[in-house]
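What you are looking at is a predicted structure, and each value in this text was computed from that prediction instead of being measured. Reckoned from all heavy atoms, side chains included, excluding hydrogens, waters and symmetry mates. Here is how names work: the chains are called A, B, and so on, in the same order as the sequence lines, proteins then strands, and each is numbered from 1.
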Amino acid sequence: MFQAPRGTADLLPEEQKYRRYIESRAVALAQSYGYGRIDSPVFEDAGLFVRSVGEGTDIVEKEMYTFEDRGGDLVTLRPEGTAPVCRAYLEHGMHNLPQPVRMYYFCPVFRYERPQAGRFRQHHQFGVEVLGDPNPAVDAEVIELAWRLMHSLGLTDIRLFVNSIGDKESRPAYVQQLKSYYSERYENLCGDCRNRLDRNPLRLLDCKVLGCRAMGEEAPRSVDHLDPDSLDHWERLKSYLSAMQIPFEVDHRLVRGLDYYSRTVFEIQPEEAGAQSTICGGGRYDGLMEQLGGRPTPGIGFGSGLERLTLNLKRSGVEVPDLPAPSYLVANVGDAARLPALELASRIRQAGAGAILSSGTRALRGQMRQANALGIPYVVILGDDEIGRGEVVIRDMETSTQQTIPTAEFLQSLASDY
RNA sequence: GCGAGCGUAGCCAAGAGGCCUAAGGCGCCUGUCUGUGGCACAGGAGAUCACGGGUUCGAAUCCCGUCGCUCGCCCCA
């Protein structure tokens, strides 16, 4: 027997309501902020991600699904959502559109990792990007959108963390300070952090080991080493968030694992934070477009994992509406009713209503049971008697009442309803 | 890549060397109710006890290996 590959999952019909709920809320919100949907390919030139996400990152080093296609091109299954959107912006000359360009997306994301709670090799993200505006008001807008989305979904026990990690001019000096701070305390570092010291010093800050955490509290803070422009950006962002009454916490240890971030970074986590708990993460990436060969174009965005959102919806007991069942099940009794039942079901659908045709191979009782189990509100009953008289029985399953009416009249009522 | 736990019908599971031709529950099908659902009762289908090897007179049960799943670390949505 075949199984779904490790780290992948089937999203079965009974689970779809969560996905559809999240999608409809997210779309409504994104549209109200003026974002347009973009769908980019599932795979891209491998170089796109190496260039944008960064050589030294875990994603590029060991998590990408990269393969040579039959034509000899090296392609990669999308490991994150931002780079493809930036590529599309450049490829389609979107700098000619009114700036900034606001876009949102839903897409599958692939990373070769060991799966665990809230982590998959294929997962799905909702994300937004705003390209072409350096103003901190845009940072605030994106964060507000993320915050409102969580609330719109019914996730209210959440915390927003923000930080500024400076831009590419001011960061090297800060990183240097951080390195010397930790180097002086090398003896007390955990094994992982000793390795990280050279590779990615920023990551030392969010180590979970107790001793390292304590050191992180005392470590030099990026916000104390911002250049004047970045500092101004940071201060304005905070005042904008306050003005919008969005409760944020400055987390000096918040850095992020992708190289392209600059200045603003942020995350949203549920109150009861577990290991893989971040349900939304993003930040500004002003240098990215240049990295990809475009003219300097500022950008900011976030990604949010649909599987993690679903997990949290269930955990916090949010009531998600059921997807609508068809209004009618056409039950039929006896061979003579088979064809008329098929025709009737077809007519109901043409009139714009939903109908399931019962195969009629079992007793009426069984067909009624099926209608009940499927949550169908009305059963249309068709047997020899009804056909002889040109009538149908319409049974209301909720009230357990039924009426016999001429078929033509029934179809007419549908036409006026839909 | 590293560490831990777990694999018995579609799902949840009892069982801990012979009483297992594997309990029970959910779900599914049928009937009680010859053309009328939910409830109840009765019956039925559905399991190479993850796979391979070993120990033993005898293995779902003990040992070894393999595979798979889950959880944690790393990293991230």
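In this structure, A:R185 forms a cation-pi arrangement with A:Y181, its terminal cationic atom sitting closer than 6.0 Å to the ring centre and no more than 45° off the ring axis. Figure legend: cation-pi geometry between A:R78 and A:F110 absent, as NZ or CZ is not positioned both under 6.0 Å from the six-membered ring centre and within 45° of its axis. Taking the ring axis of A:Y18 as reference, the NZ or CZ atom of A:K314 stays within 45° of it and closer than 6.0 Å to the ring centre.
The P atoms of B:G3 and B:U8 are separated by 25 Å, rounded to the nearest whole Å. The same atom, P, is picked in B:A22 and in B:A45; the two are 12 Å apart, to the nearest Å. With P as the reference atom, B:A47 and B:G24 are 16 Å apart, rounded to whole Å. Distance noted for atom P between B:C29 and B:C39: 13 Å (whole Å). Rounded to the nearest Å, the gap between the C1' atom of B:C57 and that of B:U30 is 45 Å. Spacing of C1' atoms, B:C67 relative to B:G53, comes out at 14 Å, to the nearest Å. With both ends at atom P, the span from B:A42 to B:U61 equals 34 Å, rounded to whole Å. Taking atom C1' in both B:C19 and B:A59, one finds a spacing of 15 Å when rounded to whole Å.
Relative orientation of the A:Y104 and A:F106 rings is perpendicular, given thresholds of 30° and 60° on the angle between their planes.
Of the candidate nucleotides B:U32, B:C28, B:C76, B:C76 has the atom nearest to the side chain of A:L258.
The nucleotide B:C71 finds its pairing partner in B:G3, both defining distances of the Watson-Crick or G-U wobble pair being shorter than 3.5 Å.
Residues A:E63 and A:I376 each lie close to RNA chain B; by heavy-atom proximity, the contact nearer the 5' end of the strand is made by A:I376.
Nucleic acid contact for A:R114: base, since at least one base atom lies under 4.0 Å from a heavy atom of the residue.
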